[in-house]
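These notes are about the structure you will find just below.
Note that ligands are numbered from 1 as they come in the structure, with each ligand's atoms numbered from 1 the same way.
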Amino acid sequence: MAKIYGIVGHPVNKSLSPAMHNAAIKHLGLDAEYKLFDIDPSDTENLANFCYETDLNNIGGFSVTMPYKMAIMAYMDHYDPLAKIVGSVNTVVSEENKLIGYNTDAMGATQALRKKTDLIGKKALVMGAGGAARAIIYSLKEFGVDVHLFNRTMEKAEELADLWDLETIEYRMIPKADFDIIINATPVGSMPNTGESLLHSDQIPSHAVVMDIITNPLETQLLKEAKKAGATPISGERMLLWQAVYQFRLFFDKEPPVEVMEKALYEELKKRK
Ligand code: ATR
């Protein structure tokens, strides 16, 4: 019987994950299928029941997206240390009736960056201090990046900075800091407020690599500003690709066919235009 995989979230109908995972499953000839698991958040029992019944439903693993990346942690039998430190799980593997939680968002973000720039010794600005920011910051630190944190609520940035031995930066000091890497890990610029950007082109150095984690739209105002500044933009689908690649490896313990997944992702995006 084919093993079942899928994405848990709400809503999930716009998810790009099935296209990537199913293309890779087909390419490798695996006896598996990747589906959508839309779980209604109005009743917390729904998520619990889904987790308790994974074995019964022949589920080998699943991706986790909004709004469950933190809530799902309560149902894990084990976590990967990174998931625990970051405080969110985006990947669950079911093994012998046990659920193991991982976080591949962190590696996904750094891998997207590494395709454009070396990381060691680079000076990075991370904007935001939520779950997504924490995952990215942690992974950047592991690659030897000098991380500076800006957040709307500065106390939150300072708390995180104390905990993880980072620097915080005041907004007005950003242009002077001459960052090599700039990452937006806030929802600023996402639908429907697509005209908003935390930075203007004159605050972005031309040598910088600028990444936005927003996927709707892909070309955010921040990335337009980065282009205007002569900097290198990286849009959100690059992180999406790499988190799925690492996820696929955890699900199937096989080398993921990256190019197949990448092609499927861009074909799916083209269909939606
Ligand atoms: P996630 O876990 O998905 O990263 P989150 O925990 O809600 O989401 O965090 C969102 C981040 O975006 C926070 O850092 C938030 O700043 P605050 O700590 O001040 O709330 C930031 N954010 C959200 N809306 C923002 C806005 N309009 N301007 C600036 N920052 C914003």
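Among protein heavy atoms, atom 1 (P) of ligand 1 sits closest to G131 N, 3.6 Å. Scanning the protein for heavy atoms near atom 19 (O) of ligand 1, the closest one is T153 OG1, 2.4 Å. Here the heavy atom of the protein found nearest to atom 5 (P) of ligand 1 is G130 CA, 4.0 Å.
Crowding of K141 atom NZ: a count of heavy atoms from other residues, nucleotides or ligands under 6.0 Å exceeding 12.
Nearest to atom 23 (C) of ligand 1 by heavy-atom distance, out of A157, A185, S190, P187, is P187. For atom 14 (O) of ligand 1, the candidate residues are N193, V126, L149, N151; the nearest heavy-atom contact is made by N151. Ranked by closest heavy atom to atom 24 (N) of ligand 1, the top entry among R152, K69, M70, R134 is R152.
The ring of F50 has its center closer than 6.0 angstrom to the ring center of F37.
Protein heavy atoms are found inside the 4.0 Å sphere centred on atom 17 (P) of ligand 1.
Transitive grouping of hydrophobic side chains (ILVMFWY, heavy atoms separated by less than 4.5 Å) keeps L16 and Y68 in distinct clusters.
Under the 4.0 Å criterion applied to side-chain N and carboxylate O atoms, E268 and R272 are assigned as salt-bridge partners.
Counting atoms of ligand 1 from 1 in the listed order, those under 4.0 Å from a heavy atom of A132 are 1 (P), 2 (O), 4 (O). Atoms of ligand 1 lying under 4.0 Å from at least one heavy atom of G128, given by number and element, are 14 (O). Residue T186 approaches ligand 1 through these ligand atoms, each under 4.0 Å from one of its heavy atoms: 12 (O), 21 (C), 22 (N). Listed by atom number, the atoms of ligand 1 under 4.0 Å from K156 heavy atoms are 17 (P), 18 (O), 20 (O).
There is a side-chain donor-acceptor pair under 3.5 Å between S63 and Q247.
Atom OG1 of residue T91 and atom CG of residue D80 lie 9.5 Å apart, to the nearest 0.5 angstrom.
Geometrically, ligand 1 and V188 share no nitrogen or oxygen pair separated by less than 3.5 Å.
Partner of S139 under the side-chain hydrogen bond (donor to acceptor under 3.5 Å, both in side chains) criterion, chosen from D105, N103, T110: T110.
No donor-acceptor pair closer than 3.5 Å links the side chain of R134 to the backbone N or O of S88.
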